[in-house]
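Every heavy atom of this structure was used, including side-chain atoms; hydrogens, water molecules and symmetry mates were not. Naming: A, B, ... by sequence-line order, numbering from 1 per chain.
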There are 2 protein chains.
Amino acid sequence: MNATKEFIIVESSKLFLRKNFKEVTMQEIVQKTGLSKGAFYHHFKSKEELFTEVLNYFFTHVFVHNYEAYSTESFYAFYHDYANAVQNIGKRYLENMKDEENSFFNMNYFTLIFDALRIFPDFRQTVVTGFKAEIEIWKSVIGKARANGEIQSSMTDEEIAMTFISLSDGIAMHMIVRGIRINEVRDIFLNLWDKLYEQIKV
Amino acid sequence: MNATKEFIIVESSKLFLRKNFKEVTMQEIVQKTGLSKGAFYHHFKSKEELFTEVLNYFFTHVFVHNYEAYSTESFYAFYHDYANAVQNIGKRYLENMKDEENSFFNMNYFTLIFDALRIFPDFRQTVVTGFKAEIEIWKSVIGKARANGEIQSSMTDEEIAMTFISLSDGIAMHMIVRGIRINEVRDIFLNLWDKLYEQIKV
DNA sequence: CATTACAGACCGAACAGTCGGTTTAAAATT
DNA sequence: AATTTTAAACCGACTGTTCGGTCTGTAATG
């Protein structure tokens with residue numbers, strides 16, 4: 001990809017972490033990139049096209065889990081690796097803000113998704129596919145842990161997976177609303193995960 | 001409150017369940033209400049003022065729990081009452097949409113809060129206060145259940161409360177993204193709540 | 001008949017996007 | 001090596017439209 005185009009995506013992605021699609025103006029984008037409107041429209045056919053690229057950037061470079069790197073030795077090791085990765089995602093998220101005056105995030109993983117769904121209804125399929133893939137990975141680790149005798153529960157693998165994932169998402173959302181520091185979120189849901197784990201470990 | 005003003009709030013609230021603040025235009029508001037611009041600005045000094053009233057309407061008439069009505073006999077009865085109330089909230093939410101062609105909700109409890117936080121930073125305090133009050137109610141019911149010998153857990157009352165609340169919120173968010181029918185959300189998280197309950201009940 | 005409620009023409013600002021033209025640098029030609 | 005050609009990158013004034021909001025006039029109300 002063209003370097004300038006990539007530069008525009010990365011720079012304007014910072015704007016989309018503070019305001020939603022409608023609130024970010026072309027004027028702000030050209031100001032942030034230091035380019036002109038003509039230059040922008042040379043690389044993108046519309047503001048919407050930029051936004052699709054920004055979303056793609058977020059979901060392939062920022063809000064992304066590298067599951068291959070997580071231990072599948074035990075469920076315990078797996079979800080601890082996952083929690084640490086969430087911490088790193090938070091750090092990448094904050095890096096996108098360090099050149100802003102008021103380092104307060106008004107958009108987040110969830111609002112970005114809902115904003116995108118409103119503008120691009122087809123985006124739903126992409127998100128749902130991603131969710132399902134994530135659940136499958138958790139299920140397989142959990143199933144293995146159950147077979148190993150690491151854990152034991154009346155819940156199905158899928159129920160355990162959904163409980164862990166949804167709990168962390170719910171906690172994250174509450175903490176974002178409360179304005180808590182991103183790095184503290186991990187500790188809060190990891191503590192609860194450990195407590196849940198205690199109840200299912202053999 | 002003036003009947004026309006209330007009518008404007010209720011009618012335009014339906015628009016704010018489909019689009020965010022910036023996306024909803026004055027033209028749509030006057031069209032939806034069948035009134036004129038002059039009439040609107042006779043009752044409200046700005047679009048923002050309307051939005052504060054709409055938010056107030058949502059959080060006092062739609063997205064609201066009537067905790068006094070919930071059983072505090074047992075934690076089990078309490079969270080079942082809560083889950084049923086969530087069902088009713090979902091129904092009220094859907095009622096606001098029945099006169100629209102495409103009955104698909106693009107805004108929800110969470111996006112509304114985040115939209116509001118961006119426009120009215122002071123709204124955070126209101127939301128956080130509400131969250132804390134909710135947790136306190138749960139904590140007291142859980143504490144009582146523990147004292148009664150209904151439940152037993154290595155988790156603190158607050159941890160149990162946060163686990164239950166955040167889990168249902170996380171589930172709701174996932175299900176909204178998936179486009180699942182609102183009424184099914186209750187069954188999904190209530191099932192998980194029951195499983196968690198099984199593990200802490202004496 | 002004074003006040004409230006409403007209508008709708010109207011306003012300037014802001015919006016996304018366009019367009020004619022300039023700069024830059026590499027490729028082609030002499 | 002010097003000159004010409006070509007194309008991509010970029011510029012910013014400009015366009016048509018829509019935005020939230022105002023203003024003046026009229027109808028209803030009590």
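Ring centers of A:Y70 and A:Y67: under 6.0 Å apart, within the cut-off. Aromatic pair A:F40/A:F44: centroids less than 6.0 angstrom apart.
For the pair B:H43 and C:dT4, the criterion of a side-chain N or O lying under 4.0 Å from OP1 or OP2 is not met. Taking only side-chain nitrogens and oxygens, B:S46 never comes nearer than 4.0 Å to OP1 or OP2 of D:dG20. Contact annotation: B:Q27 does not reach the phosphate of D:dT18 (side-chain N/O to OP1 or OP2, under 4.0 Å). Of the side-chain N and O atoms in A:Y41, none sit less than 4.0 angstrom from OP1 or OP2 of C:dT18. Dashed line: the shortest gap from a side-chain N or O of B:T25 to OP1 or OP2 of D:dT18 is not under 4.0 Å. For A:N2 and D:dA9, the shortest distance from a side-chain N or O to OP1 or OP2 is below 4.0 Å. Residue B:H42 has a polar side-chain atom (N or O) positioned under 4.0 Å from OP1 or OP2 of C:dA5.
Atom CD of A:Q31 and atom P of C:dA14 are 13 Å apart (whole Å). Rounding to whole angstrom units, CZ of residue B:F21 and P of D:dC19 are separated by 13 Å. Counting to the nearest Å, the C1' atom of D:dT15 and the CE atom of A:M26 are 16 Å from each other. Taking atom CZ of residue A:F44 and atom P of nucleotide C:dA16, one finds them 15 Å apart after rounding to whole Å. In this structure, A:F40 places its CZ atom 11 Å from P of C:dT18, rounding to the nearest Å. Residue A:E28 contributes atom CD, which lies 12 Å from atom C1' of C:dA14 at whole-angstrom precision. Across the protein-nucleic acid pair, B:K47 atom NZ and D:dG21 atom P stand 8 Å apart, rounded to whole Å. Counting to the nearest Å, the C1' atom of D:dG21 and the CG atom of B:L50 are 14 Å from each other.
You'll find that the side chain of B:L35 is closest to C:dA7, out of C:dA7, C:dA16, D:dG20.
Side-chain atoms of A:K37 and base atoms of C:dA16 include a donor and an acceptor less than 3.5 Å apart.
Nearest-nucleotide positions on DNA chain D place A:G38 closer to the 5' end than the other of A:G38 and A:K22. In terms of position along DNA chain C, the nucleotide closest to B:A39 lies nearer the 5' end than the nucleotide closest to the other residue of the pair A:E23 and B:A39.
Using a 4.0 Å heavy-atom cutoff across all strands shown, B:V24 reaches sugar-phosphate atoms only and no base atom.
Each of A:Y57, A:F58, A:F63, A:F59 was checked for a ring pair (Phe, Tyr, Trp, His ring centres under 6.0 Å) with A:H61, and the lone residue meeting it is A:Y57. Residue B:K139 forms a side chain to side chain contact (heavy atoms under 4.5 Å, CB included) with just one option from B:V141, B:I135, B:I142, B:I137, and that option is B:I135.
Side-chain polar atoms of A:E150 and A:Y197 form a donor-acceptor pair below 3.5 angstrom.
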